[in-house]
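Okay, structure first, notes after.
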2 protein chains.
Amino acid sequence: MSIQNGLASSSRRYDCENCPLRPLPGFRKFERSELAFIDKLKKGELAVDKGATVLVEGRRSAHLYTVLSGWAFRYKLLSDGRRQILNYAVPGDLIGLQGGVMGEMQHSVEALSPMLLCVFERESLHELFRNHPGLAYDITWIASREERMLDENLLSVGRRSAIERTAYLIAFIGSRAKAVGLNGGRLTRIAFTQQHIADTLGLSLVHTNKTIRKLMDRKLIAWRDGGCEIIDHEGLKQLAGWEGLGKERRPLI
Amino acid sequence: MSIQNGLASSSRRYDCENCPLRPLPGFRKFERSELAFIDKLKKGELAVDKGATVLVEGRRSAHLYTVLSGWAFRYKLLSDGRRQILNYAVPGDLIGLQGGVMGEMQHSVEALSPMLLCVFERESLHELFRNHPGLAYDITWIASREERMLDENLLSVGRRSAIERTAYLIAFIGSRAKAVGLNGGRLTRIAFTQQHIADTLGLSLVHTNKTIRKLMDRKLIAWRDGGCEIIDHEGLKQLAGWEGLGKERRPLI
DNA sequence: CGCGGTTTTGAGAATCCTCAAAACCAGTGG
DNA sequence: CCACTGGTTTTGAGGATTCTCAAAACCGCG
């Protein structure tokens, strides 16, 4: 019901049993009883506009969200406005877990597209841990996965050159997007701005632009309609020296 | 029994009930039953030399470790040898959780000092999740805490200048060391090399050295006996624009 | 057509890097 | 006790990368 800053609760509601994401090959199969429990936990859905701020650094959030559709990014700010994008959230990802599980958020989350979010009560995590050890384990697995992505990002920002970093980021996001069928399973458009890339990689906008041009010259990507198009995914991975994502199926909560 | 690469199992053994770390103010109090359970899980202790590699990227590890004494760092390598240090582990920290909970390690861990490690079977996590939801919750909390530290490190490497980064890192490690009484609770010596700082911050060794000199000129730190001495902790935090660690007590498993 | 957001370009400057050598320092063996 | 060794820190110099500033071009949208 509440509408603020682009957030609005939706009237429609997907049952977890019929979740459109579950059939995707990237997710592990769940027991019927697990699905029923998750469905019980699910408090509703939230539709947010592109550009809306879903979570705010420094504030407590009573909710956790799972991305049903659309995508977003997590970021932190320095007091003078410098921004660092930490990671992206695509369909199936859990948002808000990082907030110390309880407590103040240490980062903000902003939507990169219109999104649909499943809403969970942070409090109900306790019930989940008490009654569904398998799901509790999944939560930990999800946290650990986020950590591995951060490790890789840190390696990138710390030790890869500008062009390697950029290649890595585009290949990385492309892989994740493809895995959840963001572009109908095709590996194509990534709809964000060069400013986002710059803020993810710790580069200036101008230098990011020049680096992207080099990738275009090498026919690895194209930039069209305000977004990045991957032309040679293997080439990007090779340039970055990146192995690609693991192929394990992940849980969806 | 086995000795390899500086790893050797120790004959002595601390009972978890009498763990020397638990009385420290940074850790939350545990129930007697929880302690008994953890003690049952603990498979033994491992003593490792300074410089020993505790975990290796790309390999599976059947074990998880909790640092009893000493400290270490987690890192990743690029194929040409460039190294990125991801984070440090001090007493009380859990090592090896990041390995996808199961599966191949995505990073290596190397001891910065002689260490004593409590050894746990990775397999026994399942039992923990099944029978002790409170402890399972703690594991997730620990993973989420690591994530928050990584977020902050990423912000640092991506968006802070060399001198801000260095100030941040030293203040950060100093705070953590103090919280677990690494120097008897005093906030003083941090025993590592400038190469470690460089590889943590994504800087070259030479530039790191010159940056450290600037911090010395400003009387924020001193460099003595192969280690860093903090002179003005507040000054470091202010220079870095860093708030400091949260003051919540953390679980110790 | 005008507007705001985004991308592109150019130019000069600051930061940070590499290379190379020297200084320093603790430990080892003669 | 001294010379030697390997690891670490320091210094200098030149160069590459990346940054900031500023302006123009582009583009979808109202």
Side-chain angles (χ1 to χ4, degrees), chain A residues 49-52 73 78 80-85 110-114 156-167 169-170 189-217 221-229 239, chain B residues 49-52 73 78 80-85 110-114 156-167 169-170 189-217 221-229 239:
Chain A
D49 292 339
K50 170 173 170 169
F73 62 95
L78 289 175
D80 64 358
R82 281 174 284 177
R83 179 174 75 170
Q84 177 66 39
I85 295 183
E110 181 178 323
L112 274 165
S113 72
S156 219
V157 175
R159 286 303 183 207
R160 281 194 250 246
S161 69
I163 196 166
E164 289 170 336
R165 269 183 240 193
T166 311
L169 177 65
I170 294 173
R189 282 281 318 295
I190 306 175
F192 58 174
T193 71
Q194 299 186 3
Q195 183 71 64
H196 291 118
I197 297 187
D199 285 349
T200 308
L201 300 179
L203 298 171
S204 74
L205 176 58
V206 172
H207 197 247
T208 300
N209 178 272
K210 287 169 183 167
T211 305
I212 286 175
R213 175 142 305 281
K214 285 188 199 166
L215 291 178
M216 291 167 72
D217 291 347
I221 64 168
W223 198 270
R224 269 204 262 303
D225 307 325
C228 178
E229 197 147 318
L239 173 54
Chain B
D49 293 340
K50 171 173 170 170
F73 62 96
L78 289 174
D80 62 359
R82 281 174 285 178
R83 179 174 75 170
Q84 178 65 41
I85 295 182
E110 181 179 322
L112 274 163
S113 72
S156 219
V157 175
R159 285 303 185 209
R160 281 194 249 247
S161 70
I163 198 167
E164 289 170 337
R165 269 183 241 192
T166 310
L169 177 65
I170 293 173
R189 281 283 318 295
I190 306 175
F192 59 175
T193 71
Q194 299 187 1
Q195 183 71 64
H196 291 118
I197 297 187
D199 285 348
T200 309
L201 300 179
L203 298 171
S204 74
L205 176 58
V206 172
H207 197 248
T208 299
N209 179 271
K210 286 167 183 167
T211 305
I212 286 174
R213 176 143 303 280
K214 284 188 197 164
L215 291 178
M216 290 168 70
D217 291 346
I221 64 169
W223 198 270
R224 270 206 261 304
D225 307 326
C228 177
E229 198 146 318
L239 173 54

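Side chains are part of it too, since the values below use all heavy atoms of this structure and drop only hydrogens, waters and symmetry mates. A, B, ... follow the sequence lines: proteins, then strands. Residue 1 opens every chain.
Residue-level contact check: A/L203 touches the backbone only, with heavy atoms under 4.0 Å from sugar-phosphate atoms and none from bases. Note on B/G227: nothing from the nucleic acid sits closer than 4.0 angstrom, heavy atoms only. Residue A/S204 is in base contact, counting any heavy-atom pair closer than 4.0 Å across all strands shown.
If you measure from atom CG of B/N209 to atom C1' of C/dC17, you get 14 Å, rounded to the nearest angstrom. Put simply, CZ on A/R224 is 13 Å from P on C/dT8, counting in whole angstrom units. When rounded to the nearest whole Å, the span between CD1 of B/I163 and C1' of C/dC16 equals 14 Å. Look at CD on A/E164: it is 10 Å from P on D/dT18, rounded to the nearest Å. Note: CH2 (A/W223) to C1' (D/dA25) measures 17 Å, nearest angstrom. Computed from coordinates, the B/F192 CZ to D/dT9 C1' distance equals 14 Å when rounded to whole Å. Here D/dT8 presents its P atom at 10 Å from CG of B/L205, a figure rounded to the nearest Å.
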Would you tabulate the nitrogen or oxygen pairs shorter than 3.5 Å linking the protein to nucleotides 26-30 of chain D?
none

Within the sub-3.5 Å range, which N or O atoms of nucleotides 13-15 of chain C have a protein N or O partner, and how far apart are they?
none

Donor-acceptor contacts under 3.5 Å from residues 197-208 of chain A side chains, at least two apart:
residue: A/D199; atom: OD1; partner: A/Q195; partner atom: NE2; Å: 3.3
residue: A/D199; atom: OD1; partner: B/R159; partner atom: NH2; Å: 2.6
residue: A/D199; atom: OD2; partner: A/R83; partner atom: NE; Å: 2.7
residue: A/D199; atom: OD2; partner: A/R83; partner atom: NH2; Å: 3.0
residue: A/T200; atom: OG1; partner: A/Y88; partner atom: OH; Å: 2.5
residue: A/T200; atom: OG1; partner: A/H196; partner atom: O; Å: 2.6
residue: A/S204; atom: OG; partner: A/H207; partner atom: N; Å: 3.2
residue: A/T208; atom: OG1; partner: A/S204; partner atom: O; Å: 2.7

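Near-neighbour residues of DNA chain C inside residues 194-201 of chain B, defined by a heavy atom below 4.0 Å, are absent.
In this structure, the separation between OG1 on B/T166 and CZ on B/R213 is 13.5 Å, given to the nearest 0.5 Å. Rounded to the nearest 0.5 Å, atoms CG (A/L112) and NZ (A/K50) are 8.0 Å apart.
Applying the side chain to side chain donor-acceptor pair (under 3.5 Å) criterion to B/R82, with sequence neighbours excluded, gives A/E164, B/D80. Under the side chain to side chain donor-acceptor pair (under 3.5 Å) criterion, B/S156 pairs with B/R160, sequence neighbours left out. By the side chain to side chain donor-acceptor pair (under 3.5 Å) test, B/R165 pairs with no residue at all, sequence neighbours left out. Listed by chain and number, the residues in a side chain to side chain contact (heavy atoms under 4.5 Å, CB included) with A/A191 are A/R189 (sequence neighbours excluded).
Counting only residues at least two apart or in different chains, salt bridge (charged side-chain N to carboxylate O under 4.0 Å, His left out) contacts with residues 203-212 of chain B are absent.
Side-chain contact between B/I221 and B/M216 is present, with heavy atoms from C-beta onward closer than 4.5 Å. The side-chain heavy atoms of A/C228 and A/I170, taken from C-beta on, include a pair separated by under 4.5 Å.
Within the structure, a side-chain polar atom (N or O) of B/R213 is placed less than 4.0 Å from OP1 or OP2 of D/dT11.
Checked against C/dC16, D/dT20, D/dT11, the side chain of A/V206 finds its nearest nucleotide in D/dT20. Picking from C/dG10, D/dT9, D/dG12 the nucleotide with the shortest atom distance to the side chain of A/K210 gives C/dG10.
Axis angle across the helix from C/dC1-D/dG30 to C/dG30-D/dC1, with five pairs used at each end and values rounded to 10°: 30°.
Residues A/F192 and A/W223 approach most closely at O-CZ2, 3.4 Å, considering heavy atoms.
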